[in-house]
Amino acid sequence: MRIAVVGTGYVGLVTGSCFADLGNIVTCVDVDKKKIQDLKKGIVPIFEPGLEEVVRRNKNQRLLFTTDLAKAVQEADFIFIAVSTPPGKGGEADISNVKAVARGIAKSINGYKIIINKSTVPIGMGDVVTQIIKQNGPEDVSFDVVSNPEFLREGSAVMDLIKPERVVIGATRRSAAQKVAEIYKPLHCPILITDLKSAEMIKYASNAFLATKISFVNEISNLCDKVGADIQQVTKGMSYDSRIGNQFLNAGLGFGGSCFPKDVSALVDIGKKNGYPFRILPQVLAINHFQRLAYVAKVRKVLGPLKGKTLAVWGLSFKPNTDDLREAPSLTILPFLSAAGAKVRAYDPVTNEKAKEIFKKVKFFSSPYETARGADAVLVLTEWNEFKQVDFQKLKMLMKRPVLIDGRNMYEPQEMVEKGFAYTGMGRGEVLNF
Ligand code: NAD
């Protein structure tokens, strides 16, 4: 099939290259000239496991890169829109990029096309795209607008794209949805066909539900700290109930990334604009913000005044296996530590370079051990695999004081105490061994 994917970011690039891998002819379009130039040379601008390989395998054969939207539209039968929809000032989804692409499609459309919205957009956006193309495009050209929300997770995006748990396709005309379903057929996954608005709502409802689950667990974990219960044992006990399940029950520093915070805010905004002010979702966001402040308070409680203290931060990205720093807890936590007068040293396996641009007061190192040299405490902010197997004896020797403040519950409190560390996690009771 001939496919154009407009927007070559985390979603667009993974979608485009995986569709090419399935044998389709795909043109990825972006307004970012540098990104397109790099991709033409085989330089993949994001860190996503397995992606570079898929891009290299298909580049110049079935996978092309361009800034020329008109040509890509004219040569494609299917046009996926995968541009960013960042949060606006009031938390609403900023849909200006999607509208710009719709106008671009209208100008160059030269025959029947299926336009598929993969960007996360407010409910009703499918109709807006239809209107824009009708108003700005030629009268005699027919098209369908379809919603196909994306559920991939950064860090496992390639696998999620080729082994999706479900594909949702919303359309006014079922025949258009069925044609889009053909693209996914080789993946042998459940495909749900709905109306346009329901598909758009499924994406928001799913992300808001998952974010709610995280905030709920974080609230329980904060109470665990106060009453002396252990959140790990509590969530394990909860997870045997199949109605609850065992996913997304990790207490920690809250959700981040480019999706959950912005999509929950956008859903709150959609609710307000449609006369349904959500009660639960503003609290989900508030709890998430509080969780980062609670962690800073924990650091202060353990170490006392932070002025002059040396803190080694392990992990900066919003979750492991990604270089994405958008809405990462580190963005809130590090400025607090620096403002309190702490000397902050940091290490992240992949985001050091990006992070240097953001955290001007922080010193960066190329290994977790070097970061910990002379530190009053190690602060774990992202649960990267390489922090699992640590040589704790070596770490202890390097640190000024062996203190671990584990924002991701990577370690077992008693084991850390046995290794001679003062330890505190999230929702795991009192600070041990201090
Ligand atoms: P991103 O910021 O990584 O990439 C977006 C790309 O779109 C950028 O390269 C940008 O230059 C390009 N772009 C912006 N305006 C353009 C235009 N007018 N024409 C052509 N290109 C344009 O964003 P992303 O993370 O890939 O997210 C894209 C959409 O998918 C968003 O709506 C997001 O909410 C949704 N989504 C993201 C994820 C995720 O994990 N990142 C998962 C599911 C859904």
Side-chain angles (χ1 to χ4, degrees), residues 4-18 27-39 44-49 51 65-73 79-88 91-108 115-123 125 129 132 147-161 164-168 199-200 202-208 210-211 255-267 317-319 321-328 354:
V5 180
V6 190
T8 312
Y10 286 88
V11 169
L13 183 57
V14 173
T15 305
S17 43
C18 289
T27 305
C28 288
V29 187
D30 208 287
V31 282
D32 185 334
K33 288 187 186 138
K34 164 98 175 56
K35 194 179 258 190
I36 293 299
Q37 270 167 11
D38 283 351
L39 282 163
V44 174
I46 53 171
F47 174 81
E48 194 55 55
L51 181 59
F65 298 100
T66 183
T67 52
D68 188 346
L69 174 67
K71 189 162 179 279
V73 165
I79 304 154
F80 282 82
I81 303 177
V83 294
S84 31
T85 48
E92 75 284 2
D94 177 347
I95 48 171
S96 52
N97 292 337
V98 178
K99 283 181 163 177
V101 176
R103 283 192 296 269
I105 293 171
K107 271 191 208 155
S108 40
I115 296 137
I116 307 122
N117 211 342
K118 217 174 221 326
S119 296
T120 305
V121 287
I123 294 99
M125 191 66 201
V129 169
I132 291 174
S147 167
N148 171 219
E150 183 49 60
F151 300 98
L152 63 75
R153 297 160 298 175
E154 285 175 23
S156 55
V158 173
M159 280 314 286
D160 290 345
L161 209 296
E165 288 184 315
R166 86 297 210 183
V167 165
V168 173
E200 292 166 339
I202 287 169
K203 174 65 191 174
Y204 277 113
S206 302
N207 275 4
L210 292 169
F255 53 82
S258 67
C259 291
F260 287 179
K262 98 171 159 62
D263 292 350
V264 177
S265 297
L267 190 53
S317 55
F318 84 93
K319 67 172 181 179
N321 297 325
T322 178
D323 60 350
D324 201 343
L325 278 162
R326 290 179 285 188
E327 301 285 336
K354 260 192 193 178

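These values consider heavy atoms only, across backbone and side chains, with no hydrogens, waters or symmetry-generated copies. Just so you know, ligand 1 is whichever comes first in the structure, and atom 1 is the first atom listed for that ligand.
- Remark: D324 pairs with R326 by the salt bridge (charged side-chain N to carboxylate O under 4.0 Å, His left out) rule, at least two apart or across chains.
- Partners of K34 by side chain to side chain contact (heavy atoms under 4.5 Å, CB included), not counting sequence neighbours, listed by chain and number: D32, D38.
- Side-chain contact between T120 and Y204 is present, with heavy atoms from C-beta onward closer than 4.5 Å.
- Contact check for M125 versus S119: no side-chain heavy atoms found under the 4.5 Å cut-off.
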Show me the donor-acceptor pairs within less than 3.5 Å that the side chains of residues 100-108 make with the rest of the protein, sequence neighbours left out.
residue, atom, partner, partner atom, Å
S108, OG, G104, O, 2.8

Contact table ligand 1 N or O to protein N or O, d under 3.5 Å:
residue, atom, partner, partner atom, Å
ligand 1, 2 (O), R326, NH1, 3.4
ligand 1, 3 (O), Y10, N, 3.2
ligand 1, 9 (O), D30, OD1, 3.4
ligand 1, 9 (O), D30, OD2, 2.6
ligand 1, 9 (O), K35, NZ, 2.6
ligand 1, 11 (O), D30, OD1, 2.6
ligand 1, 25 (O), R326, NH2, 3.3
ligand 1, 26 (O), Y10, N, 3.1
ligand 1, 26 (O), V11, N, 2.8
ligand 1, 32 (O), T85, OG1, 2.6
ligand 1, 32 (O), T120, N, 2.9
ligand 1, 34 (O), T120, OG1, 3.3
ligand 1, 34 (O), K262, NZ, 2.6
ligand 1, 40 (O), E154, OE2, 3.4
ligand 1, 41 (N), E154, OE2, 2.7
ligand 1, 41 (N), S258, OG, 3.4

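- Here the side chains of Y10 and S258 are not in contact, with every heavy-atom distance at 4.5 Å or above.
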